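Here the structure is a predicted model, which means the values were calculated and not measured.
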Protein chains: 2
Amino acid sequence: MLEETFGDTVKKLREDRKLPLREVAEALKIDTSMLGKIEKNSRKPTKHIIGKFATFFEVSDKDLTIAFLSDAVAFRVMEEEDFSSEVFKVAEEKVKYLKTKKLLDK
Amino acid sequence: MLEETFGDTVKKLREDRKLPLREVAEALKIDTSMLGKIEKNSRKPTKHIIGKFATFFEVSDKDLTIAFLSDAVAFRVMEEEDFSSEVFKVAEEKVKYLKTKKLLDK
DNA sequence: TTGCTTTGGACTAATTTTGTCCAAAGATAG
DNA sequence: CTATCTTTGGACAAAATTAGTCCAAAGCAA
């Protein structure tokens with residue numbers, strides 16, 4: 001699951017099963033071109049589509065979601081000069097902090 | 001620098017200097033309301049504005065950028081169910097991988 | 001009260017993202 | 001070589017998001 005983009009991941013799942021884009025797209029009820037773009041990371045799948053991928057390919061929805069989200073944040077951070085390790089480290093602390101805070105607010 | 005949102009950070013910088021929003025906004029040449037919203041995290045500063053903050057408050061541009069980016073990815077990840085540690089871990093590997101790849105592509 | 005600050009709603013403009021359609025380029029098989 | 005299917009990506013309109021401004025009301029302190 002590591003080291004590739006989300007697009008690479010789903011493309012590999014499809015190719016392992018020797019299916020053309022058209023067939024998978026039909027199964028997921030999305031446009032073939034859309035699927036092609038998702039595999040090329042030029043369109044983002046919705047949460048719903050990620051769920052369909054998981055069901056169709058019989059893989060973990062959670063793992064696919066992690067693959068997708070990590071892509072999103074990786075690309076976001078790479079747009080800027082690279083402070084990525086620091087950014088992720090601080091971000092993780094923020095998430096922890098903000099979650100606790102949210103709980104306390106109740 | 002830890003544990004707060006970007007808005008909290010710049011608000012603190014301003015309050016430490018006992019300046020009203022208006023004055024800082026003028027100095028940065030942005031709308032007062034805009035600055036208020038940035039402090040409340042309901043509008044995002046551009047890279048350019050982050051630079052102005054850094055200059056005006058005499059703090060590190062890099063640190064402010066990290067504060068801003070970590071906010072962005074923290075909020076992004078928090079929108080979904082929480083797999084944040086895994087997401088950041090994978091994302092960091094992806095950044096490394098994608099950077100190497102980019103170099104190799106040349 | 002007066003005057004300044006802060007907050008946030010409303011709204012438009014600008015920008016970004018989505019989804020679809022289509023045509024061209026690539027493969028593959030006959 | 002031809003016919004067929006797959007893949008790729010440009011173009012475009014629609015939809016969604018975000019940005020920036022203006023303004024009014026609430027808050028605060030003198």
Practice problem: Before giving the answer on salt bridge (charged side-chain N to carboxylate O under 4.0 Å, His left out), spell out for A/Glu4 and B/Lys94 the whole-Å C-alpha distance, their side-chain angles and the decisive distance to 0.1 Å. | Solution: CA-CA 7 Å; A/Glu4 331 147 285; B/Lys94 280 187 182 176; over 6 Å; no
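A side-chain donor-acceptor contact under 3.5 Å links B/Arg14 to the backbone of B/Leu19.
Note that the NZ atom of B/Lys11 and the CG atom of B/Asp16 stand 12.0 Å from one another [nearest 0.5 Å]. With rounding to the nearest 0.5 Å, the separation of CG in B/Asp8 from OH in A/Tyr97 is 6.5 Å.
Rounded to whole Å, atom P of D/dT17 lies 12 Å from atom NZ of A/Lys44. Between the NZ atom of B/Lys29 and the P atom of D/dT21 there is a distance of 14 Å, given to the nearest Å. Taking atom CZ of residue B/Arg76 and atom P of nucleotide D/dT17, one finds them 12 Å apart after rounding to whole Å. The CG atom of A/Leu35 sits 14 Å away from the C1' atom of C/dT20 (whole-angstrom rounding). Regarding B/Met34, its CE atom lies at a distance of 13 Å from the P atom of D/dT18, rounded to whole Å. The interatomic distance linking A/Leu28 (CG) with C/dT20 (P) rounds to 13 Å, in whole Å. If you take CG of B/Asn41 and C1' of D/dA19, they are 16 Å apart, rounded to a whole angstrom. Rounded to an integer number of Å, the gap from CD of A/Glu79 to P of C/dT16 is 11 Å.
The side chain of A/Arg43 lies closest to D/dA11 when the candidates are D/dG20, D/dT21, D/dA11.
Side chains of A/Val73 and B/Arg76 form a contact here, defined as non-hydrogen atoms less than 4.5 Å apart.
Heavy-atom minimum distance, A/Thr5 versus A/Asp71: CA-OD1, 3.4 Å.
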Report each atom pair, protein N/O against N/O of nucleotides 3-8 of chain C, whose distance is under 3.5 angstrom.
{"residue": "C/dT5", "atom": "OP1", "partner": "B/Arg22", "partner atom": "NE", "Å": "3.4"}
{"residue": "C/dT5", "atom": "OP1", "partner": "B/Arg22", "partner atom": "NH2", "Å": "2.7"}
{"residue": "C/dT5", "atom": "OP2", "partner": "B/Arg22", "partner atom": "NE", "Å": "2.9"}
{"residue": "C/dT6", "atom": "OP1", "partner": "B/Arg14", "partner atom": "NH1", "Å": "3.1"}
{"residue": "C/dT6", "atom": "OP2", "partner": "B/Leu21", "partner atom": "N", "Å": "2.6"}
{"residue": "C/dT7", "atom": "OP1", "partner": "B/Lys40", "partner atom": "NZ", "Å": "3.1"}
{"residue": "C/dT7", "atom": "OP2", "partner": "B/Lys40", "partner atom": "NZ", "Å": "3.4"}
{"residue": "C/dG8", "atom": "O6", "partner": "B/Ser33", "partner atom": "OG", "Å": "2.8"}

